[in-house]
Amino acid sequence: MSETTTNGHVGDVEGLRGSGLTLIPRSTAKQTLKDFKSDQEVRWCPGCGDYAILAAVQSFLPELGLRRENIVFVSGIGCSSRFPYYLNTYGFHSIHGRAPAIATGLAASRPDLSVWVITGDGDALSIGGNHLIHALRRNVNLNILLFNNRIYGLTKGQYSPTSEVGKITKSTPMGSLDKPFNPISLALGAEASFVARTIDSDRKHLQSVLREATAHRGASLVEIYQNCNIFNDNAFEQLKDPGLRDDITLRLEHEQPIVSATKAARRAASGGIEVVAREGLPESEILVHDAHDPDPSVAFALSRLDEPAFEHVPIGVFRSVERPAYDTLMEQQMNDAVAERGPGVLAELLTGGDTWRVG
Amino acid sequence: MTKQVQQLDRVIIRFAGDSGDGMQLTGDRFTAETAEFGNDISTLPNFPAEIRAPAGTLPGVSSFQLHFADHDILTPGDAPNVLVAMNPAALKANLGDLPRGADIIVNTDEFTKRNLQKVGYTASPVEDGSLGEWRVHAVPLTSLTVKSLEGFDISKKDAERAKNMFALGLLSWLYHRPTEATVRFLRSKFAKKPDIANANVAAFQAGWNYGETTESFSVSYEVKPAKLTPGLYRNISGNQALAYGLVAAAVQAKLPLFLGSYPITPASDILHELSKHKRFGVRTFQAEDEIAGVGAALGAAFGGALGVTTTSGPGVVLKGETVGLAVATELPLIVVDVQRAGPSTGMPTKTEQTDLLMAMFGRNGESPLPIVAPATPSDCFDAALEAARLAVKYRTPVMLLSDGYLANGSEPWRLPEVEDLPDLSADFTVAPNSDDGETYLPFRRDPQTLARPWAVPGTPGLEHRIGGIEKADGTGNISYDPNNHDRMVRLRQAKIDGIAQDIPPLEVDDPDGDARVLVLGWGSTYGPIAAAMRRVRKTGAKVAQAHLRHLNPLPANTGEVLRAYDKVLLPEINLGQLALLLRARFLVDIISYNRVRGLPFKAEELAGVIQDVIDSE
C-alpha cells in the first residue's frame, strides 16, 4: 500500500491522504462546543495560554463530527496535562512523560478511536523525549499537541528543554547552560509524517492546523507556542506584537510561496534556505512550500530558520506525508496470520508440538 | 558382542561444553526424546550471560542438566550421574558437582595443550590419573564426527559443529531413547540447508552406531516409562507455559491480548513466543524501553484489552511508576517478573527470589496489588490464568513472580482440557451506574469485590476521565479532600485484602497429621522442598509441607497454619523476604534458610536442613 521513493522515503499514496478519520464512527447528532465541555472547573492561572487552546479545541471538535465516546485525550504531567479533565470525552491523565507510550498502546489496539496526546515541553521533550520520538517514527495514529511555553510551570519556574541558553530561573540563577531543542527539528529528525507549528493566540490558524492534523492518519505533532504569564510571560511576544508579527511570521501553506509581509524564503547559494527582503525579489525565486515532499530535508531547513530566535518564524504545516499508521500494520500482520493458518484455536495451540499419551 | 542392559530407576545427565557447542540444543533434544519415551523429566539449563565468551574458557561453559526417571520427580537433580564434557573447561567447571563413581564422557579431541592451559591444567586430567574415582569414557568426539561425515559436501568447520549431534546419538544409544523425532527435528531445522541437515542426521546416527560397536561402552541403560497421571502430555518450559497461559487467559476473558515488552533476560522468550500467536488476536509491541512497554500495556487495558508486560527485576524497577498508575486508575494489568539475580544487572541468567519485597512495596504511596507465584514450569500456565482472573475481576495490576529457574527449566505437562479452563469474562459497564441512572460514576465500587466499573472508550454516555491524581470516591473527580484520600487508601487496600476470600486456603501436606515442623515455601522452591521432604520422610521423620502460590494477599488461613506447628522452616533464595512479611504479620518466629547463589536449592541440602530443624526439637 505504500510506495518507496529512491531516497528511501515513503511517498504519497493515492487514496491515503485525508483518511485520518475514516475508521472512527461518526455522530448522527449535530454537536456544539457545549458537548465537549466537562462539568469540571478549569483551574489554570488566570491569563494562561492554555485557556485559549482549550477553547479552540472545544470549538473545533464538533466540526469533526465524530462520536464523542470515540475520542480520547491522554496526557502526561504538567499544567497542560490537566487538559483532559475539561473535555467531555474519554480521558487519561497519566504520568510524567509517558503519555505517548500509553497512547501508543491504546491507539495501536483501537483503530476506531481518535486519540490525542496533550503534552508540554518538559513532559514531551525532557522526561518523555524517548517516547515522543518513538511514537513519531512508528507513526502511531495520534494527534500530539505539544504546548511549548519554554518553562516548567507546574513545578514553579525551572528552565525547560526549550528554554533559551542563559535562562535565569530558580534552578539556574547564573543562567542555563543547555542548548534547547527545536521541537520541529526533533520531530522531523524522527521522520514524523506530520509536523506543524501554531500559536495559542491565533485561534483561526490553530484550528486550521488541527484540521489538517486530524485529517492525517498516523502521528501528527503540533507544536503550539503557549504563553505562561506567570513564569515566562511574553515568551512569544514578537509573534503577537502587531508591529512585528506580520514581518517575522512565515506562513507555511502547501504549494504557496513562503513569505511574511516583508520577507521571503529562497534557496541559498550554499544549498540551504535563506530569508531575504521580499521587495524586488522575482516571484520565481521565492521558495514554494511542498508539505508533501517525501524528502524531509527542506522541511528541516525551514525548521532551522528561527535561529537566531524569532528572527523569522515559520508557522503552519512543515510536513505532511502519508505512510501506513502503526495500528494498520499491526492489524495487517494479524490478518495475514489468520489468512495463512486460520484463526487461533486454543486446544490446537496447547497440543501443538510433541505430545504423548499416558494411560 | 551382546551388550549388557542394566535397569535404572533414574538418571541425571549434564551436557557441558563451550557456549558455541550447542549444549542447550543437545539437551533440548535429549529431553524431547526422553519425554516421548514416557519418563518423568525435569531440566535445568545453565548458561553464561555472554553470547560467546572466549572459547574454551571457564566463563564460556554452558550446560544443560536433565533428570529423568521411571517415577514422578520434582527437581532436575542434585548431582549428575553422567557428565558429557565437550572440552577441558566444561570438565573443570562441572567436576565439583560430580559424585564419585559417576560417568564422564570427554571429548578428547579438545584436550589439547592450549585448551588445557586456558583453564589451568598442566597435564590432561584424562591421562594423569586424577579422574581415577570416576568412570571416564575418553571419546574423540570431534574427529569421529568429522570422519563420519567424509563424503559430505560441507566444510570441515560445519562437520566439526555436528559433534554435539554425535554426542546426542551416543547418549541416545546409551539410554535407549527413541530417535525418529530428532531426525525429523534436524530435517526441519535445516530445511533450507539440506547438506547441513544430512550431515547432522548422519552424525547423530554415527554417534548411535559408535555406542553400539565400541568397547568403551559395555553397558547400556534402560529407565522404564514413569507411571504418570493418565492424560495427554507435552514437555514445556516455564516461559512457554506462561505465554500459553496468557493466550488462554485472553481467550477465556474474551479480550484481545496486548503485550508491551522490552527484551530482557530471562523474560524475552515470553515475548518471542507470544509474537508467534497473532492469529489469536495477540498484539505484541516491542517498546523503546521498559517504561513504554508497561505504559502501552496500560493504555491498551484502558481501551479494553488484556494488557500484559513481561520483564525481569531491573525492568520492574523502571515500570514501578506506571504500575502505581494502574493501582490508582484501577485498571487490569499483568506484570510478569521473571526474577533473576540482582541487585542491578546482577547475574542475568541466574535465578533468585529476591523481588518479592519489590513486588509488594516497590511503588510510592500505599499501592497494594496481588502477587501470584508459580511453583513449577508447567504451573506457569495456571499462574498466568490466575493473574488474569484477579486483574480482570478486581481491576488491578497483578504481579506474577516467575524466575529464571522456572523460565528455562522444563517438565512434562499434562494438558488441560480447554473446556475445563475458567471463564474469565470481563463485564464491561455499558450503562450509567448512578442511582438515578443518569450518570456514570467510574469509582462506584462493586459492594462484593470493591472493584470499580470498567467502561471502555467507544461506550456512549460513559465518557469519563481517570488518572494518577487522587479521585473522589464514586465520581472519580480530582479530590484533595483529606478524608476522601484516607477512605480511598483504605478502599484500595480492602479490595486487595478481600481477595483472600477468593483464593484457595493454604493446603498442608501432613500425611499423619502429627508433624511438629512445617516447611513452608513459595514459587520455584516447590520442587526442591518436596524432593527434600520425601528424603526426610523416608527416614520416618514427621514433617509437614505447605506452599504459597498467592503472596498477596495470603490465603485466609495462613496464620492459623503457621501457628499450628512448633517450628516453621522457610527456605528462600533471598535473605528472608517472605519470612520478614510473615513475622511482621503473624508474629510467628519463622526459621529462615537462605542461599543466594543464583541456583535452585538441592534436595539433599534441604533435606539436611529440615532434619536439623526436626532434630533440634
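By convention in this document, chain letters (A, B, ...) are assigned in the order of the sequence lines, proteins followed by strands, and residues within each chain are numbered from 1.
Contact annotation for B:Phe381: only side-chain heavy atoms (C-beta onward) come within less than 4.5 Å of a heavy atom of chain A. Both the backbone and the side chain of B:His464 come within contact range of chain A, each with at least one heavy atom under 4.5 Å from a heavy atom of that chain. Proximity to chain A involves both the backbone and the side chain of B:Tyr233, based on heavy atoms less than 4.5 angstrom apart. Proximity to chain A (any heavy atom under 4.5 Å) is shown, for B:Pro256, by neither the backbone nor the side chain. Looking at A:Met334, the atoms closer than 4.5 Å to chain B (heavy atoms on both sides) sit in the backbone and in the side chain alike. The parts of A:Ala108 that come within reach of chain B are both its backbone and its side chain, each placing non-hydrogen atoms under 4.5 angstrom from that chain. For a residue to count as touching a neighbouring chain, one of its non-hydrogen atoms must lie under 4.5 Å from one of that chain's; by this rule B:Leu415 touches chain A with the side chain only. Contacts of A:Ser94 with chain B are made by both backbone and side-chain atoms, with heavy-atom separations under 4.5 Å. Residue contact with chain A, scored on non-hydrogen atoms closer than 4.5 Å, is absent for B:Ala241. Of the two parts of B:Pro225, neither the backbone nor the side chain holds a non-hydrogen atom closer than 4.5 Å to a non-hydrogen atom of chain A. Heavy atoms closer than 4.5 Å to chain A are found in the side chain of B:Leu331, but not in its backbone. At a 4.5 Å heavy-atom cutoff, the contact between A:Tyr326 and chain B is made by side-chain atoms alone. There is no contact between B:Glu419 and chain A, counting heavy-atom distances below 4.5 Å. Of the atoms belonging to B:Glu288, heavy atoms from both backbone and side chain fall under 4.5 Å from chain A. Heavy-atom distances place both the backbone and the side chain of B:Ile466 under 4.5 Å from chain A. With a threshold of 4.5 angstrom between heavy atoms, A:Arg82 approaches chain B through side-chain atoms but not through N, CA, C or O. For chain A, the nearby part of B:Thr329 is the side chain; its heavy atoms alone come within less than 4.5 Å. Proximity to chain B is absent for every atom of A:Val115, based on heavy atoms less than 4.5 angstrom apart. In this structure, chain B has heavy atoms under 4.5 Å from both the backbone and the side chain of A:Ala347.
Listed options B:Val282, B:Leu298, B:Asp289 were ranked by heavy-atom pairs under 4.5 angstrom with chain A; first place goes to B:Asp289. Counting heavy-atom pairs closer than 4.5 Å to chain A, the top residue among B:Gly467, B:Ala292, B:Pro460 is B:Pro460. Ranked by heavy-atom pairs shorter than 4.5 Å toward chain A, the options B:Phe302, B:Trp413, B:Phe37 are led by B:Phe302. For the set B:Gly293, B:Gly303, B:Gly468, B:Gly231, the entry with the most heavy-atom pairs within less than 4.5 Å of chain A is B:Gly231. Counting heavy-atom pairs closer than 4.5 Å to chain B, the top residue among A:Ile77, A:Asn130, A:Asp39, A:Leu87 is A:Asn130. Your options are A:Leu346, A:Thr104, A:Leu113, A:Ile24, and the one with the most heavy-atom pairs under 4.5 Å with chain B is A:Leu346. When the candidates A:Thr351, A:Asp336, A:Val74, A:Val72 are compared by the number of heavy-atom contacts under 4.5 Å with chain B, A:Thr351 comes out ahead. Ranking B:Thr229, B:Ile478, B:Ile236, B:Thr284 against chain A, the residue ahead of the rest is B:Ile478, based on heavy-atom pairs under 4.5 Å. Comparing A:Gln333, A:Arg98, A:His96, A:Arg138 by heavy-atom pairs within less than 4.5 Å of chain B, the highest count is held by A:Arg138. The candidate from A:Ala135, A:Gly352, A:Gly344 with the greatest count of non-hydrogen atom pairs under 4.5 Å with chain B is A:Gly344. In terms of heavy-atom pairs under 4.5 angstrom with chain A, the leader among B:Ala181, B:Pro412, B:Ala35 is B:Ala35. Ranked by heavy-atom pairs under 4.5 Å with chain B, the list A:Leu350, A:Val338, A:Asn70, A:Asp354 is led by A:Leu350.
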Apply side chain to side chain donor-acceptor pair (under 3.5 Å) to B:Thr34 and B:Asn39, showing your working. CA-CA 6 Å; B:Thr34 300; B:Asn39 294 128; 5.1 Å; no
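Figure legend: cation-pi geometry between B:Arg283 and B:Phe258 absent, as NZ or CZ is not positioned both under 6.0 Å from the six-membered ring centre and within 45° of its axis.
Once rounded to the nearest 0.5 Å, the distance linking CG of A:Leu66 with CD1 of A:Ile71 reads 5.0 Å. B:Leu325 CG to A:Ile102 CD1: the interatomic distance, rounded to the nearest 0.5 Å, is 5.5 Å. The line from CG of B:Leu385 to CD1 of B:Ile334 is 9.0 Å long, rounded to the nearest 0.5 Å.
Judged purely by distance below 3.5 Å, without hydrogens or angles, the side chains of B:Asp40 and B:His71 never pair a donor atom with an acceptor atom. Inspection of the A:Gln40 and B:Asn477 side chains reveals an N or O donor paired with an N or O acceptor under 3.5 Å. For A:Tyr152 and A:Ser126, the side-chain atoms include at least one donor-acceptor pair closer than 3.5 Å. Side chains of A:Arg217 and A:Thr328: a donor on one and an acceptor on the other come within 3.5 Å. Side chain to side chain, B:Lys319 and B:Thr309 meet the donor-acceptor criterion of an N or O pair below 3.5 Å. Side-chain N/O atoms of A:Asn139 and A:Ser193 include a donor and acceptor closer than 3.5 Å.
A salt bridge links B:Asp423 to B:Lys254: one of the charged nitrogens lies within less than 4.0 Å of a carboxylate oxygen. Of the charged side-chain nitrogens involved, none lies within less than 4.0 Å of a carboxylate oxygen, so that A:Glu340 and B:Lys278 do not count as a salt-bridged pair.
Between A:Cys79 and A:Leu154 the shortest heavy-atom distance is SG-N, 3.5 Å.
Within 6.0 Å of CZ in B:Phe285 there are more than 12 heavy atoms belonging to other residues, nucleotides or ligands.
Looking only at side-chain heavy atoms (C-beta outward), A:Glu69 and B:Leu462 stay at 4.5 Å or farther from each other.
With hydrogens and angles ignored, the 3.5 Å screen pairs no side-chain donor or acceptor of B:Trp454 with any backbone N or O of B:Arg395.
Taking the six-membered ring where tryptophan is involved, the planes of A:Phe83 and A:Trp44 are tilted, since the angle between them lies from 30° to 60°.
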